[in-house]
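Written out below as structure tokens is the structure these notes cover.
Atoms within a ligand are numbered from 1 in the order they appear, just like the ligands themselves. For the single chain, residues carry numbers from 1 onward in sequence order.
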Amino acid sequence: MKAIVYTQYGPPEVLQLREVEKPLPKANEILVRVKATAVNSGDWRLRKADPFAVRFIYGLTRPKIKILGSVFSGEIESTGKEVKQFRAGDSVFGHTDLRFGSYAEYKCLPENGSIALKPANISHQEAASIPFGGVTALHFIKKAAIKPGQKVLINGASGAVGSAAVQLAKHFGMVVTGVCSTSNIDLVKSLGADRVIDYTEGDFTQNSEKFDLIFDTVNKLSFSQSLKSLNKSGIMILSSAGMPEMVQGYWTSITSSKKVLTGQISHSKEDINFLKELIEKGHYRAVVDRTYPLEQMAEAHNYVEQGHKRGNVSITVN
Ligand SMILES: NC(=O)c1ccc[n+]([C@@H]2O[C@H](COP(=O)([O-])OP(=O)(O)OC[C@H]3O[C@@H](n4cnc5c(N)ncnc54)[C@H](OP(=O)(O)O)[C@@H]3O)[C@@H](O)[C@H]2O)c1
């Protein structure tokens with residue numbers, strides 16, 4: 001089968017189209033014929049080992065995992081003999097969690113992974129764009145346990161996590177302010193934001209407005225400044241926090257009435273099924289900026305790494 005393989009950390013050109021062995025499903029696994037995947041912000045970080053600490057987990061001098069890609073949409077070609085939830089021919093989408101390997105024509109995954117039947121009302125390219133941002137935003141918003149009517153500000157509202165967070169916060173009844181640049185104002189409004197602040201026109205932390213929840217999806221806010229824009233018992237979500245923000249967040253949570261949520265999320269079947277149902281009801285939509293063929297993976301990585309994609313970048317596999 002065709003796959004995008006990388007054997008060394010580096011620029012997008014380390015991603016090479018190769019012929020590799022097609023996998024065989026174990027007893028509890030499904031074999032997915034991948035129709036689409038996506039390039040997410042985590043992918044280019046793994047490709048170039050940024051931050052350096054990536055190497056301590058994924059290989060010190062060379063990547064241990066040779067095929068990247070953590071999201072997929074496709075069709076089940078065959079199933080292991082113990083599989084009960086899915087059948088050959090089912091269209092499914094989901095997240096591989098830490099297994100990766102969806103930059104390929106086929107991928108084996110355990111049936112109890114973060115996998116759901118694909119909504120019939122969206123394409124494979126759209127479905128592959130859902131799990132990364134959607135499940136991340138859902139995980140943190142559920143953890144924050146914000147009540148309907150409370151005020152939330154989402155920074156980076158036009159990215160993968162941000163565009164999902166705007167839609168989910170509205171779904172849960174919050175009053176949503178999105179922060180993005182001028183060219184993305186219409187997109188963020190169309191996702192349901194009650195108000196949009198253009199970050200090129202000014203810094204919201206400089207006025208006296210307070211929020212119950214600030215969700216910074218892109219780690220671009222000053223920690224101390226945005227803390228001042230939180231209500232007394234407000235919550236800050238830093239989905240892309242580095243080590244300094246994690247330490248600051250932990251300290252704030254134990255020494256004040258404000259809470260800071262950070263950390264790596266895990267992907268569950270429950271969350272992907274929740275998103276599937278929202279999509280089927282027309283309450284949640286995929287935001288796809290560009291679509292590239294598998295052969296142009298390096299170009300897709302180059303674009304995503306610039307940090308200005310609108311929503312998601314999908315890859316058509318076959
Ligand atoms: N904790 C976890 O387990 C977890 C899971 C998934 C993702 N993450 C992390 O979450 C982060 C966000 O991922 P993502 O895929 O959503 O990012 P992304 O899609 O690459 O973000 C791009 C968006 O950010 C906006 N942006 C750039 N600079 C901005 C600024 N100064 N203020 C406001 N918006 C700005 C861009 O809009 P403009 O072009 O208009 O600037 C663009 O739409 C990543 O660091 C990722 O590693 C963490």
Side-chain angles (χ1 to χ4, degrees), residues 38-51 53-54 57 68 70-71 95-98 100 114 128-144 153-168 177-191 193 196-205 214-222 225-226 236-246 249 260-268 271-272 275 286-290 300-314:
V39 177
N40 296 306
S41 43
D43 298 9
W44 65 260
R45 290 191 172 278
L46 282 180
R47 187 201 76 231
K48 61 191 282 196
D50 176 8
V54 160
I57 302 167
L68 289 171
S70 57
V71 293
H95 198 285
T96 66
D97 220 352
L98 295 177
F100 302 97
S114 179
S129 79
I130 300 291
F132 181 83
V135 173
T136 305
L138 181 60
H139 167 93
F140 280 111
I141 287 176
K142 282 200 308 192
K143 208 166 164 189
L153 178 134
I154 295 161
N155 190 49
S158 51
V161 179
S163 60
V166 170
Q167 297 187 73
L168 290 169
T177 299
V179 180
C180 63
S181 68
T182 319
S183 59
N184 289 322
I185 291 175
D186 287 347
L187 168 71
V188 175
K189 276 189 187 157
S190 77
L191 297 171
V196 180
I197 296 173
D198 182 343
Y199 72 77
T200 66
E201 299 275 310
D203 179 354
F204 77 90
T205 64
I214 294 178
F215 189 161
D216 184 7
T217 70
V218 281
N219 206 19
K220 300 274 187 183
L221 296 175
S222 143
Q225 284 302 117
S226 40
M236 186 144 77
I237 298 173
L238 302 176
S239 62
S240 55
M243 198 45 84
E245 295 83 25
M246 285 192 190
V260 181
L261 305 177
T262 64
Q264 190 68 34
I265 72 144
S266 58
H267 285 260
S268 71
D271 284 351
I272 195 76
L275 292 170
V287 180
V288 178
D289 177 346
R290 294 183 182 184
H301 264 244
N302 195 25
Y303 179 59
V304 173
E305 192 177 338
Q306 290 163 30
H308 292 290
K309 68 179 162 65
R310 289 156 60 92
N312 300 274
V313 167
S314 291

Identify the protein heavy atom lying closest to [atom], giving its residue, its atom name and the separation to 0.1 Å.
{"atom": "atom 38 (P) of ligand 1", "result": "H308 ND1, 3.4 Å"}
{"atom": "atom 11 (C) of ligand 1", "result": "T217 O, 3.0 Å"}
{"atom": "atom 19 (O) of ligand 1", "result": "K309 NZ, 2.6 Å"}
{"atom": "atom 9 (C) of ligand 1", "result": "S240 CB, 3.6 Å"}
{"atom": "atom 28 (N) of ligand 1", "result": "K220 CE, 3.5 Å"}
{"atom": "atom 44 (C) of ligand 1", "result": "S41 OG, 3.4 Å"}
{"atom": "atom 34 (N) of ligand 1", "result": "G156 CA, 3.3 Å"}
{"atom": "atom 40 (O) of ligand 1", "result": "S181 OG, 2.3 Å"}

Can you confirm whether [X] sits close enough to [Y] that some side-chain heavy atom of one is under 4.5 Å from a side-chain heavy atom of the other?
{"X": "T217", "Y": "S240", "value": "no"}
{"X": "K220", "Y": "V179", "value": "no"}
{"X": "L168", "Y": "L275", "value": "yes"}
{"X": "F132", "Y": "D43", "value": "no"}
{"X": "H95", "Y": "V135", "value": "no"}
{"X": "V39", "Y": "K309", "value": "no"}
{"X": "V161", "Y": "F140", "value": "no"}

May I ask you to list the atoms of ligand 1 that are less than 4.0 angstrom from any heavy atom of [X]?
{"X": "G307", "answer": "22 (C), 23 (C), 24 (O), 27 (C), 36 (C), 42 (C)"}
{"X": "I265", "answer": "2 (C), 3 (O)"}
{"X": "N184", "answer": "37 (O), 38 (P), 39 (O), 40 (O)"}

Considering all heavy atoms, the nearest C180-S158 contact: CB-OG, 4.0 Å

If the contact criterion is a heavy-atom separation under 4.0 Å, does [X] count as touching ligand 1?
{"X": "S239", "answer": "yes"}
{"X": "C180", "answer": "no"}
{"X": "G263", "answer": "yes"}

N155, portion touching ligand 1 at heavy-atom distance under 4.0 Å: side chain

Within reach of ligand 1, part of V218 (heavy-atom separation under 4.0 Å): side chain

Give yes if a backbone or side-chain nitrogen or oxygen of [X] is under 3.5 Å from a nitrogen or oxygen of ligand 1, and no if not.
{"X": "S158", "result": "yes"}
{"X": "V179", "result": "no"}
{"X": "F132", "result": "no"}

Residues, nucleotides or ligands: over 12 heavy atoms within 6.0 Å of D186 CG: no

Of the listed options Y199, Y303, W44, closest to atom 29 (C) of ligand 1 (non-hydrogen atoms): Y199

Check: D203 side chain, T205 main-chain N or O, donor-acceptor pair, under 3.5 Å: yes

Under 3.5 Å: donor-acceptor pair, side chain of D216, backbone of L221: yes

Polar side chain donor-acceptor pair, T182 to T200, under 3.5 angstrom: yes

